[in-house]
Visitor: 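Before we start, here is the structure in question, set down as structure tokens.
Along the sequence shown, residues carry numbers from 1. Counting starts at 1 for both ligands and their atoms, following the listed order. In this text the structure is predicted, and so the values were computed from the model without any measurement.
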Amino acid sequence: MGQIDAPIAVFDSGLGGVSVLREMRKIMPGEDFYYYGDSLNAPYGTKTLYEVRKLTIAHTRDFIEMGAKGVVVACNTATSAAVRTLREMYPQLPLVGIEPAVKPAVEAFPHGRILVMATPMTIREEKLHKLIERFAGEAEVIPLACPGLMDFVEAGNIDSPEIYGFLRDILHPYKGNLDAVVLGCTHYPFVQKTIQEVLGEKVQIFDGGEGTAKEIKRRLSVAGLLQNNAQRKGEIIYKNSDNSQEKEALFWKLLNY
Ligand code: DGL
């Protein structure tokens with residue numbers, strides 16, 4: 001088990017997890033974070049369940065060997081593929097996997113029409129189907145696989161006519177008939193503004209980053225692993241399987257976006 005001074009490991013298939021990291025940093029400014037992006041193997045959302053599970057388990061093993069005091073799977077796709085297995089493997093570890101924020105969206109819009117945007121794997125997997133079934137009588141929850149969307153963010157293309165055109169095309173059938181959108185992939189908050197522009201101001205957008213940050217904070221607190229020096233300023237350590245300077249520059253840009 002990690003020590004109080006150890007970092008919290010945060011992991012995504014690429015840079016999407018930065019949308020979760022920024023929420024964690026807001027509520028735990030004194031903590032150190034080790035961010036690992038697997039951009040070399042991205043996207044995960046179009047891989048097989050087996051491949052994503054294998055990669056996620058291997059990364060988590062590295063974080064534990066490194067001494068991380070907690071692990072956040074800041075990738076909905078990796079959560080649906082591996083989080084149950086990881087919990088069985090490491091029952092003592094404070095471990096949280098992000099999942100689509102369907103519950104808060106249904107609570108805000110009972111009987112509403114709610115679109116869940118996510119990767120093809122998240123949309124296919126049992127975890128989301130169970131979540132949708134759970135709320136079946138309360139709201140209409142519509143899954144939408146968005147292959148290709150994360151690639152825009154991964155390339156730093158977050159505000160351009162191309163991304164607008166892409167989103168306008170895939171969201172066209174839902175324009176004017178939705179109450180809410182759930183961003184079920186951690187890359188999507190970076191294009192939230194454009195999604196809002198395409199669908200209009202009335203549609204409310206939900207993302208699971210804040211809930212995930214609160215949950216890991218709670219788990220670390222229960223384990224007695226939260227830093228207790230209020231003056232402490234935490235550090236962020238960045239690592240990526242794609243070592244390029246462009247990726248690193250984009251990481252810092254997105255963190256402060
Ligand atoms: N950011 C990831 C997620 O939350 C997936 C992107 C991908 O690798 O396909 O699902």
Side-chain angles (χ1 to χ4, degrees), residues 9-24 33 35-60 71-84 86 95-102 105 115-129 131-132 143-158 163 166-167 170 181-192 195 205-213 215-216 238-242 247 250-251 253-255 257:
V10 187
F11 151 72
D12 179 43
S13 62
L15 298 180
V18 176
S19 65
V20 184
L21 175 60
R22 61 185 183 182
E23 297 299 332
M24 290 195 281
F33 295 98
Y35 185 91
Y36 183 76
D38 193 10
S39 296
L40 207 60
N41 288 306
Y44 276 18
T46 47
K47 286 188 160 39
T48 65
L49 178 86
Y50 176 75
E51 285 172 303
V52 175
R53 185 174 290 161
K54 209 168 123 196
L55 287 164
T56 307
I57 290 173
H59 301 317
T60 306
V71 173
V72 174
V73 180
C75 173
N76 295 263
T77 309
T79 297
S80 51
V83 103
R84 187 150 25 115
L86 288 173
L95 170 102
V96 177
I98 189 165
E99 40 185 293
V102 173
L115 187 73
V116 182
M117 298 172 70
T119 68
M121 189 192 296
T122 303
I123 294 293
R124 218 172 41 230
E125 275 317 304
E126 196 197 352
K127 207 169 181 15
L128 183 67
H129 293 181
L131 198 62
I132 292 180
L144 176 67
C146 307
L149 181 51
M150 73 82 81
D151 304 279
F152 284 96
V153 178
E154 219 36 38
N157 186 356
I158 50 178
I163 182 77
F166 180 93
L167 286 166
I170 62 167
V181 170
V182 173
L183 303 178
C185 168
T186 53
H187 282 77
Y188 302 171
F190 294 110
V191 294
Q192 175 166 344
I195 295 173
I205 301 184
F206 291 82
D207 110 68
E210 194 187 334
T212 304
E215 182 58 12
I216 189 69
Y238 164 82
K239 189 115 176 34
N240 200 312
S241 52
D242 171 343
K247 273 288 173 227
L250 184 57
F251 169 81
K253 182 180 159 194
L254 293 177
L255 190 61
Y257 185 62

Visitor: Considering all heavy atoms of both residues, which atom of Pro100 and which atom of Leu131 are nearest to each other, and what is their separation?
Guide: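 Where Pro100 meets Leu131 most closely, the heavy atoms are O-CD2, 3.7 Å.
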
Visitor: Show which atoms of ligand 1 fall inside a sub-4.0 Å distance from at least one heavy-atom site of Asn76.
Guide: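 Ligand 1 atoms under the 4.0 Å threshold to Asn76: 3 (C), 4 (O), 10 (O).
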
Visitor: Got the closest protein heavy atom to atom 9 (O) of ligand 1, with its distance?
Guide: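 The answer is Gly45 N, 2.8 Å.
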
Visitor: Have Thr212 and Glu23 got a donor and an acceptor in their side chains that come within less than 3.5 Å?
Guide: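 Absent: no donor and acceptor within the cut-off.
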
Visitor: Hey, does Thr119 have a side-chain heavy atom less than 4.5 Å from the side chain of Thr46?
Guide: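 No, too far: nothing below the 4.5 Å cut-off.
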
Visitor: So which protein heavy atom does atom 2 (C) of ligand 1 come closest to, and at what separation?
Guide: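 Ranked first by proximity to atom 2 (C) of ligand 1 is Cys75 SG, 3.3 Å.
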
Visitor: Determine the interplanar angle of the His59 and Tyr44 rings, folded into 0 to 90°, and report it as parallel if under 30°, tilted if 30 to 60°, perpendicular if over 60°.
Guide: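 Rings of His59 and Tyr44: parallel, as their planes differ by under 30°.
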
Visitor: Return yes or no for this condition: an N or O of Thr186 is under 3.5 Å from an N or O of ligand 1.
Guide: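 Such a contact does occur with ligand 1.
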
Visitor: What is the ring orientation for Tyr238 with Tyr35, classed by angle as parallel under 30°, tilted 30 to 60°, or perpendicular over 60°?
Guide: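 Aromatic pair Tyr238/Tyr35 classed parallel.
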
Visitor: Measuring from non-hydrogen atoms of Ala42 to any atom of ligand 1, is the shortest distance under 4.0 Å?
Guide: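 Judged by the 4.0 Å heavy-atom criterion, Ala42 does not count as contacting ligand 1.
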
Visitor: Within a strict 4.5 Å, meaning less than it, do heavy atoms of the Met24 and Ile216 side chains meet?
Guide: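 Counting from C-beta outward, Met24 and Ile216 do come under 4.5 Å.
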
Visitor: Judged by non-hydrogen atoms, does Gly16 sit under 4.0 Å from ligand 1?
Guide: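 No, that is not the case, since the closest heavy atom of the residue is not under 4.0 Å from the ligand.
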
Visitor: Check each atom of ligand 1 against the heavy atoms of Tyr44 and keep those under 4.0 Å away; list them by number with element.
Guide: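 Atoms satisfying the 4.0 Å criterion: 7 (C), 8 (O), 9 (O).
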
Visitor: Which atoms of ligand 1 are found less than 4.0 Å from any heavy atom of Asp12?
Guide: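 Reading through ligand 1 atom by atom, the close ones are 1 (N), 2 (C).
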
Visitor: What atoms of ligand 1 come closer than 4.0 angstrom to any heavy atom of Met150?
Guide: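 Those atoms are 6 (C), 7 (C), 8 (O), 9 (O).
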
Visitor: Output the list of atoms in ligand 1 that are nearer than 4.0 Å to some heavy atom of Cys185, sorted by atom number.
Guide: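 With Cys185 as reference, the close atoms of ligand 1 come out as 1 (N), 2 (C), 3 (C), 4 (O), 5 (C), 6 (C), 10 (O).
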
Visitor: Quick one: nearest non-hydrogen protein atom to atom 10 (O) of ligand 1, plus distance?
Guide: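 The closest one turns out to be Thr77 OG1, 2.6 Å.
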
Visitor: Check the side chains of Asp38 and Ser13 for a donor-acceptor pair under 3.5 angstrom, ignoring hydrogens and angles.
Guide: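 Side-chain D/A pair, Ser13 to Asp38: absent.
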
Visitor: Taking side-chain contact (heavy atoms from CB on, under 4.5 Å) as the criterion, tell me which of Ile98, Thr122, Ile123 meets it with Thr77.
Guide: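 Passing option: Thr122.
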
